[in-house]
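Input: a single structure, listed below in structure tokens.
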Amino acid sequence: MYIYDSVQKKKLPFEPIEENRVSLYVCGPTVYDDAHLGHARASLTFDLLSRTLKAHGYEVTMAKNFTDIDDKIIKKVKTTGKSMEEITSYYIERYLAEMEALGIQRADIEPKATESLDAIETMIQELLDKEIAYMISTGDIYFDTSKDTKYGTISNRIANDEESINRVEHNIEKRNPKDFALWKACKKEDNNCFDTAFCRGRPGWHIECSAMIEKYFQGNADYTIDIHGGGADLLFPHHENEAAQSRCATGHELAKYWMHNGFVQIDGEKMSKSLGNSFFLKDALKHYDGEVLRYYLNSVHYRNNFNFSEEDLRQSKKRLDKLYRLKKRIWPQKASLPNRLFKQSLLDAMADDLNISKALAAIDEMVAHTNELLDTNPKDKGLKKETLANILFIEELLGFGGKDPFFYFQIGIDHTLKTKIEILIKERIEAKENKDFARSDAIRNELTALGIHIMDTPDGTLWEKV
RNA sequence: GGAGCUAUCGCCAAGUUGGUAAGGCAGCAGAUUGCAAAUCUGCCAUUCACCAGUUCGAGUCUGGUUAGCUCCUCCA
């Protein structure tokens, strides 16, 4: 397998620390609000990575954290009057449910910052002991970036570019402008604090990831984990700082490979809360099935920016529909084994830094080819069994195509409407048998008006929701 | 101001180490159909933002230009 490393900025052959095993850590959300499409993209990217690694025979251990201590959460506590625990557990639950709708497999480890305070405290203490961290008069603890000679090597940033320094409002007691907080001392009237040996307070943003990785993964003398992932916006300062803390505290590098996914954009601009153009996942899921959304969001290579548009989403859905139409033609059937060449073409495509476009093209070709074969020999049982196995493999590797094909085309149709559709189709069949085509066409128009497409096949009349 | 990414058919989007442009949507023609839909077949970029260079040969390498985006502040 080849993966693109954002630190070296090139595709590298993937060689895990331990043969056949992969440790993967992905930065999860700060749980103070609903997830937007950008969170979905990040989750989808690393879900795809994890599935691909597994399909290539690796045993994957994936961790994804929840940041549940943070300024914004505390702000929400103040504005809502709810407890921190109430807020974070609510959004964690929402997040997991929405990700499940997208077919994202749960991480093996889902640590929360609040449950990792022991590891956080240990690491900060280690840095204090080594005099790499220092406490200022308020009790805040900072990381001294000048003590780390490798600081800046993750994001490839030259230290001391003055312009950027001027832009950051910095504490006068900080030794270097780029020093960042490891621990924030408790201020009066603040209840969301934790006791430690150094002082009552709460962790800074960056330390939790380093501490949790150290807590859950072993690594070797050079690296703690194989792959560290996250959104491209986390490269600096978050991942730079994580790497620095871990390097200084443990004496070895945090991750062997760093992977970053591109942004979801709206009209060519990054979707973000500060720009006010966020598209919440919950709203998208009201209009579109999670699987359709997954297919669409995964259809562009993970490193590229993704420009979201409903028009593109509809185009994308048509492509997925074709797979399900084929599945209808072979349904129901028992799966045999997937076609060897087909399976290999998908594995090869994904092994090339998750080249999803190549994989989707291979699927389209398989669909067209199988349809062609079924046109000439509709009862080829062996072909049907193999095709179902192909589709099951698609679902395993890429996370779509797993539904009952008839159900897929009926999502969003309630019982009353379904009964009505079935009655109309029955009437139309009778009209057709009587060669009353005017009546038959009138019924078809009625169905079209309901958003239902019908198709007459040798096996009877089938219908789909548009 | 500093750092970086991107620019391929009407739309979306691939393109390993340079060797003569995947796939999908839309469109056109045909097979099929009572007519449709679905499905299949054929057609659909001598050309890859622009200019110059290296080369027998460049979308792919080098230099420059233009445009868009991102990071440098919380952010997936």
Side-chain angles (χ1 to χ4, degrees), chain A residues 2 6 9 11 26-30 32-33 35-46 67 70-72 152 155-158 160-169 178 205 229-238 240 260-265 268-275 278 296 299-301 303-307 309 311-322 325-326 328-329 349 352-353 355-365 367-376 432 435-438 440-441 444-445 447-448 453-457 461-464:
Chain A
Y2 283 79
S6 354
K9 294 185 194 301
K11 255 188 228 179
V26 183
C27 287
T30 301
Y32 70 102
D33 203 352
H36 62 208
L37 256 25
H39 294 104
R41 179 111 197 271
S43 282
L44 244 14
T45 296
F46 293 99
T67 299
D70 172 85
D71 286 347
K72 283 194 266 307
S155 57
N156 292 304
R157 222 163 275 267
I158 306 139
N160 299 327
D161 46 305
E162 305 216 351
E163 193 65 27
S164 66
I165 288 163
N166 291 337
R167 292 181 53 160
V168 185
E169 190 186 326
K178 290 207 164 165
W205 176 37
D233 48 356
L234 297 182
L235 188 52
F236 190 88
H238 187 53
E240 187 69 60
H260 292 90
N261 63 275
F263 302 121
V264 176
Q265 304 185 311
E269 271 196 327
K270 179 184 171 183
M271 175 187 293
S272 79
K273 282 169 188 164
S274 45
L275 286 171
S278 284
Y296 174 52
S299 67
V300 175
H301 186 83
R303 273 189 283 125
N304 288 150
N305 284 339
F306 187 103
N307 205 321
S309 95
E311 173 59 31
D312 293 345
L313 191 153
R314 276 189 289 273
Q315 283 189 9
S316 177
K317 180 181 181 298
K318 286 185 184 175
R319 205 173 173 185
L320 179 60
D321 287 350
K322 288 172 86 166
R325 280 197 199 102
L326 173 63
K328 272 208 278 196
R329 291 185 77 175
D352 180 18
D353 193 36
N355 191 331
I356 187 77
S357 295
K358 241 187 217 173
L360 295 183
I363 292 172
D364 289 332
E365 274 156 24
V367 170
H369 183 61
T370 309
N371 272 320
E372 189 189 353
L373 292 176
L374 286 173
D375 280 354
T376 45
K432 274 180 43 159
K435 302 225 183 269
D436 183 358
F437 295 121
S440 142
D441 290 350
R444 186 166 62 202
N445 289 340
L447 285 163
T448 306
H453 267 180
I454 57 170
M455 36 205 82
D456 297 327
T457 75
T461 299
L462 302 179
W463 62 274
E464 294 177 359

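Keep in mind that this is a model prediction, so the values were computed, not measured.
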Please write out the pairs of protein N or O atoms and N or O atoms of nucleotides 15-19 of chain B separated by less than 3.5 Å, giving the distance to one decimal.
residue	atom	partner	partner atom	Å
G15(B)	OP1	Asn355(A)	ND2	3.3

Atom pairs under 3.5 Å, N or O on each side, protein against nucleotides 38-42 of chain B: can you list them with distances?
residue	atom	partner	partner atom	Å
A38(B)	O3'	Arg325(A)	NH1	3.4
U39(B)	OP1	Arg325(A)	NH1	3.3
U39(B)	O3'	Asn371(A)	ND2	3.3
U39(B)	O2'	Asp375(A)	OD1	3.4
U39(B)	O2'	Asp375(A)	OD2	2.9
C40(B)	O4'	Asp375(A)	OD2	3.2

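Qualifying side chain to side chain donor-acceptor pair (under 3.5 Å) partners for Lys11(A), counting only residues two or more places apart in sequence or in other chains: Asp352(A). His39(A) is linked by a side-chain contact (heavy atoms from CB on, under 4.5 Å) to Pro29(A), Ala35(A), His36(A), Tyr95(A), Met99(A), Lys273(A), counting only residues two or more places apart in sequence or in another chain. Scanning for side-chain contact (heavy atoms from CB on, under 4.5 Å) contacts around Asp364(A) gives Arg319(A), with sequence neighbours left out. For the side-chain contact (heavy atoms from CB on, under 4.5 Å) test, residues two or more places apart in sequence or in another chain that qualify with Ser272(A) are Lys270(A), Ser274(A), Leu275(A). Applying the side chain to side chain donor-acceptor pair (under 3.5 Å) test to Asp456(A) and every residue at least two apart in sequence or in another chain returns Arg428(A), Lys432(A), Thr461(A). Listed by chain and number, the residues in a side chain to side chain donor-acceptor pair (under 3.5 Å) with Thr67(A) are Asn65(A), Glu208(A) (sequence neighbours excluded). For Phe46(A), there are no ring-ring contact (aromatic ring centres under 6.0 Å, His included) partners at least two apart in sequence or on another chain. Partners of Phe236(A) under the ring-ring contact (aromatic ring centres under 6.0 Å, His included) rule, at least two apart in sequence or in another chain, do not exist in this structure. Evaluation of the side-chain contact (heavy atoms from CB on, under 4.5 Å) rule for Lys318(A) yields no partner, not counting sequence neighbours.
Residue-to-nucleotide proximity on RNA chain B shows that, of Ser299(A) and Asp364(A), the 5′-proximal contact is made by Ser299(A).
Atom pair Leu462(A):CG and U33(B):P shows a separation of 17 Å (rounding to whole Å applied). Atom CG in Leu235(A) sits about 13 Å away from atom P in U73(B), given to the nearest Å. Between His238(A) atom NE2 and U73(B) atom P there is a gap of 15 Å when expressed in whole angstrom units.
Val26(A) comes within 4.0 angstrom of no nucleic acid atom, judged by non-hydrogen atoms across all strands. Among the heavy atoms of the strands lying under 4.0 Å from Phe437(A) is at least one base atom, whether or not backbone atoms are also near. As judged by a 4.0 angstrom heavy-atom cut-off over every strand, Gly38(A) is placed among the base-contacting residues.
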Readout for nucleotides 65-70 of chain B: B = base within 4.0 Å of protein heavy atom, S = sugar-phosphate only, - = neither; 5' to 3' it is ----SS
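Checking C72(B), C11(B), A13(B) against every side-chain atom of Gln315(A), the shortest atom distance belongs to C11(B).
Between the side chains of Asn445(A) and Thr448(A), no donor-acceptor pair is found at a separation under 3.5 Å.
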Verdict with supporting geometry, Lys178(A) and Glu240(A), salt bridge (charged side-chain N to carboxylate O under 4.0 Å, His left out): CA-CA 11 Å; Lys178(A) 290 207 164 165; Glu240(A) 187 69 60; over 6 Å; no
